[in-house]
K.L.:
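I am attaching a structure below and will ask some questions about it afterwards.
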Amino acid sequence: MKMDDVPLKVKLILYIGFSVLLVMAATTAIIISTSTSQHEDLAYKKSIEKASNYANQFNSDMQSNMAIARTIENTLTVYNSSDRDEVNDILREVLIANPNLIGTYTGFEPNAFDGKDAEYAGTEGYDSTGRLVPYWNKIGGTMFVEPLLDYDTSDYYQLPKQLEQEVLTEPYLYQGELIVSYVSPIIREDEFIGIGGVDVSLNYIDEIVSNVTAFEKGYAFTVSNTGILLSHPVHKEWIGMKTLNDFNDPEIEIMAEDILVGQGGHIETADPTTGEDVIIFYEPVRTGNYSFILVIPKEDMLSDVTALRNELILISSLALIFMAGAAYLVAIFITRPINEIVSNFEDISDSALKGDLNRRAETDVVVDFRKIPSGLNDILDSLQIYSDDLEKANKELKSLDQMKDVFLSNVSHELRTPLTSIKGYTQNVYDESLGDINGPQKTSLGAVLRNADRLRRLVNSLLYISQAQAEIIEYDFKEYRIAEIMDSTIMDTIMLVEANELQIEKKVPSDLPTIEADKAHLVDMLNNIVDNAIKFTPPGGMITLGASDEENHLHLTVSDTGIGIPKELIPNLFKKFYQIDSSIRRKYGGTGLGLYICKKIVDAHSGEIWIESEPHKGTTVHIRLPKVRDGGEVGGNEE
């Protein structure tokens, strides 16, 4: 009896049974090792979580402070009473209502508040300029107001003015207090006119952080993003005076670089204060660009883990030696047939991926695995049959698709001739060229003309799609004035505009340069856009065609006062056959081809098209087309 005919179950008993005890010992060692690793990970996670929790607490405090500054700015942005006493009352009340604040203030540009700076120059509560710059503070314990200092040079005023955005300053000493300023710019009609802000003492951070402990001997402190110490449990003289880089420790310098960019992490180094080996965890306080730092002696943090690991080293080593021998035997006698099957499967897989389904798996393997290659071969046989059927069906589908394109193109061409005749004769009757008609007849003929135009545009759309798929669209580029193209669109759509009780106008400067374009296709494009505007604009609305000169392009716009489009749906509008939803399709009709065709025509002109819209506020379609370039060719062929 060949060894390959011996069942795998028997082999496992022969080769692995005698090594069960060794495997159990090795497994026990692995479990214990995993446990010690988990204990170590848990110690790290607890430390990181503690640092993160305090960082989040301070972050929440700073967000609240910035919200107060933002409230002052919002109030003064819309404030129109020009009452300086009322502004002072507002600042004083905010300071009273928020005990955590040490100061509230506003500062306006010269004459930006009420134009009366000269009347207040040098009076009580104002500086020599008379500008409205009140600073309400309670530094020293008593609330009072004084003019802001150094606003022409200090960051708390100049940064929001330059950046026109909210600013949180670096910590600085002011009258013996380590404070930080939260400032928001006051902007009216896109012009900076002043600031609103609050000051917060950072002493409370030192009071909280100095009482933080971790394990037995761990402690915490905080720093700014530039590394300035904001608190320390022992060395109070370092607060506001010393930075992380002053410790001259390479690891601490790496930590300082992370803190500067708002990144958290941990390092291992010697404590600059005690000289012990420590693990330092740091987490950013996002709002204030500060970081919370937790310092834990390494021996203190990992004492339990180290003891457990030392006890298990010997047992684990012995177990690994015996397990290695057992694993070697298992690998020789069990993995060999599996590897052969896997290798065979890889060869078959590579061939199948290249389209060759004729290869078959080797079935001369151990009895326990024979069903695997046999089953694979059965699958490959079925796949070969399906592949042949799919190839045949694919050829038939391609043939049907070509027939469909030809049929669509022929039908579109055949429809255009009778449509032209119908519209022409109807127009003659409508114009009373063939005799007088009464009012109801004229109204009915007007409806026929409008619908003939819509049917003509639909036929043109179908013809365009069929030609695009057949790649036979041709463009005839010549120089045109955009006003001439827009006039053609207005003429084509005026009856439909009037029938829907709308107005249409053109706003085009007379000195616009010409563009190289295919007039017929551009008119079709604008007709499609205007047709959409007509459908989605209620009676009494306005449709505006505009154009402006940009550096290298003409910028065309078609705006309406219609129902608008939700912002999340706009990216789908240029897809073929796309409509916003079934209710829109039932109410307004349409094929979903118009904007798709517009996009293809604009692409052929090397231009851009996009849509801006809000529900109930109307829609604007933007088209940017290149100008005529000397010696250059603008435009392109349909892909």
Side-chain angles (χ1 to χ4, degrees), residues 58-110 112-114 117 120 123-127 129-161 163-188 192-205 230 287-288 290:
F58 295 131
N59 185 68
S60 178
D61 291 344
M62 292 172 182
Q63 286 180 338
S64 298
N65 295 332
M66 183 57 80
I68 298 172
R70 193 179 301 121
T71 299
I72 294 175
E73 172 264 322
N74 288 336
T75 302
L76 296 180
T77 298
V78 299
Y79 184 79
N80 294 314
S81 298
S82 301
D83 188 332
R84 297 190 177 208
D85 291 336
E86 191 173 19
V87 171
N88 273 285
D89 288 342
I90 292 172
L91 295 175
R92 182 172 57 83
E93 291 302 322
V94 171
L95 185 57
I96 293 172
N98 296 275
N100 58 308
L101 301 182
I102 201 169
T104 58
Y105 50 91
T106 185
F108 280 81
E109 289 286 85
F113 180 71
D114 56 7
D117 289 357
Y120 294 90
T123 62
E124 184 178 357
Y126 295 87
D127 60 16
T129 68
R131 291 165 61 175
L132 183 60
V133 288
Y135 178 39
W136 283 87
N137 69 84
K138 50 187 178 183
I139 298 174
T142 302
M143 185 185 304
F144 64 97
V145 63
E146 61 182 345
L148 290 170
L149 299 176
D150 302 325
Y151 48 78
D152 288 331
T153 57
S154 296
D155 286 348
Y156 76 87
Y157 191 100
Q158 295 303 318
L159 284 179
K161 180 177 180 179
L163 303 176
E164 293 190 357
Q165 64 184 29
E166 295 174 347
V167 169
L168 179 55
T169 67
E170 276 287 292
Y172 60 95
L173 286 171
Y174 182 78
Q175 297 185 12
E177 291 275 353
L178 184 64
I179 66 173
V180 65
S181 297
Y182 300 79
V183 193
S184 186
I186 303 173
I187 298 175
R188 290 182 186 165
F192 173 86
I193 64 169
I195 62 167
V198 299
D199 287 345
V200 177
S201 172
L202 296 181
N203 290 345
Y204 86 100
I205 294 180
L230 307 182
T287 300
Y290 307 143

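Along the sequence shown, the residues carry numbers beginning at 1.
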K.L.:
Got a second to check how far Gln165's CD is from Leu159's CG, nearest 0.5 Å?
P.N.:
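The distance works out to 9.5 Å.
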K.L.:
Is there side-chain contact between Leu148 and Tyr156, with heavy atoms separated by less than 4.5 Å?
P.N.:
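A side-chain contact under 4.5 Å exists here.
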K.L.:
So how far is it from Tyr79 OH to Ile72 CD1, rounded to the nearest 0.5 Å?
P.N.:
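So the OH of Tyr79 and the CD1 of Ile72 are separated by 14.0 Å.
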K.L.:
Using the six-membered ring of Phe113, assess whether NZ or CZ of Arg131 lies under 6.0 Å from its centre and within 45 degrees of the ring axis.
P.N.:
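No cation-pi geometry.
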K.L.:
Can you see which heavy atom on Val167 is nearest to which on Leu163, and at what distance?
P.N.:
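Between these two residues, the closest heavy atoms are CG2-CD1, 4.4 Å.
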K.L.:
If you take all heavy atoms of Phe192 and Ile187, which pair is closest and at what distance?
P.N.:
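Looking at all heavy atoms of both residues, the shortest contact is CA-CG1, 4.2 Å.
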K.L.:
Hey, could you give me the CD/CD distance between Glu146 and Glu124, rounded to the nearest 0.5 Å?
P.N.:
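Separation between the atoms: 12.0 Å.
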K.L.:
When Tyr135 is tested against each of Tyr157, Phe144, Tyr105, Tyr126 for ring pair (Phe, Tyr, Trp, His ring centres under 6.0 Å), which residue passes?
P.N.:
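Exactly one option meets the ring pair (Phe, Tyr, Trp, His ring centres under 6.0 Å) with Tyr135, and it is Tyr105.
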K.L.:
For Ala69 and Gly197, which heavy atoms make the closest approach, and how far apart are they?
P.N.:
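So the minimum-distance heavy-atom pair works out to CB-CA, 4.0 Å.
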K.L.:
Shortest non-hydrogen contact from Asn88 to Pro134?
P.N.:
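For Asn88 and Pro134, the tightest heavy-atom pair comes out as OD1-CB, 3.3 Å.
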K.L.:
Which heavy atom of Gly107 sits nearest to which heavy atom of Val133, and what is that distance?
P.N.:
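Looks like CA-CG1, 3.9 Å.
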K.L.:
Which atom names give the shortest non-hydrogen contact between Leu230 and Pro171, and what distance separates them?
P.N.:
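Closest approach of Leu230 to Pro171, heavy atoms only: CD2-CG, 3.4 Å.
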K.L.:
Is the side chain of Ser154 donor-acceptor paired with the backbone N or O of Tyr151 at a distance under 3.5 Å, no angle test?
P.N.:
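No; zero donor-acceptor contacts below 3.5 Å.
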K.L.:
Before you tell me yes or no, could you show the steps for Asp199 and Asn137 under side-chain contact (heavy atoms from CB on, under 4.5 Å), namely the whole-Å CA-CA distance, both residues' side-chain angles and the distance that decides it to 0.1 Å?
P.N.:
CA-CA 8 Å; Asp199 287 345; Asn137 69 84; over 6 Å; no
K.L.:
I'd like to know if Arg84 pairs up with Asp117 as an ion pair, taking the criterion as any Lys NZ or Arg NE/NH1/NH2 lying under 4.0 Å from an Asp or Glu carboxylate oxygen.
P.N.:
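Salt bridge between Arg84 and Asp117, a charged N being under 4.0 Å from a carboxylate O: yes.
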K.L.:
Between the main-chain N or O of Ile195 and the side-chain N or O of Thr106, is there a donor-acceptor pair closer than 3.5 Å?
P.N.:
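Pair found, side chain donor or acceptor close to backbone of Ile195.
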K.L.:
Which distance, rounded to the nearest 0.5 Å, do you find between the CG of Leu168 and the CE of Met62?
P.N.:
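The CE atom of Met62 is 7.0 Å from CG of Leu168, to the nearest 0.5 Å.
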K.L.:
Could you measure the distance from the CG atom of Asn100 to the CG atom of Asp61? Nearest 0.5 Å is fine.
P.N.:
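Reported value, rounded in 0.5 Å steps: 7.5 Å.
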K.L.:
Indicate yes or no: at least one non-hydrogen side-chain atom of Val198 is less than 4.5 angstrom from one of Trp136.
P.N.:
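Side-chain contact under 4.5 Å: no.
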K.L.:
Less than 4.5 Å apart, any side-chain heavy atom of Leu132 and any of Val87?
P.N.:
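Yes; the side chains approach each other to less than 4.5 Å.
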K.L.:
Has the side chain of Lys138 got a donor or acceptor atom that lies under 3.5 Å from a matching backbone atom of Leu101?
P.N.:
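At least one qualifying donor-acceptor pair exists.
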K.L.:
Is there side-chain contact between Val200 and Ile102, with heavy atoms separated by less than 4.5 Å?
P.N.:
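Side-chain contact under 4.5 Å: no.
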K.L.:
Report yes if some heavy atom in the side chain of Met143 is under 4.5 Å from a heavy atom in the side chain of Leu95; otherwise report no.
P.N.:
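Yes, side chains in contact.
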K.L.:
About how many Å separate CG of Leu76 and CZ of Arg188, when rounded to the nearest 0.5 Å?
P.N.:
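Going from the CZ atom of Arg188 to the CG atom of Leu76 covers 7.5 Å.
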K.L.:
Looking only at atom types and distance, does a side-chain atom of Gln158 sit under 3.5 Å from a main-chain N or O of Asp152, one as donor and one as acceptor?
P.N.:
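Yes, because the side chain of Gln158 sits within donor-acceptor range (under 3.5 Å) of the backbone of Asp152.
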K.L.:
Output yes when a side-chain donor or acceptor of Asp83 lies under 3.5 Å from a complementary backbone atom of Glu86, and no otherwise.
P.N.:
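Yes: the side chain of Asp83 pairs with the backbone of Glu86.
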K.L.:
Under a 3.5 Å distance rule, please check whether Thr169 uses its side chain to pair with a backbone N or O of Ser181 as donor and acceptor.
P.N.:
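Looks like yes, one N/O pair under 3.5 Å.
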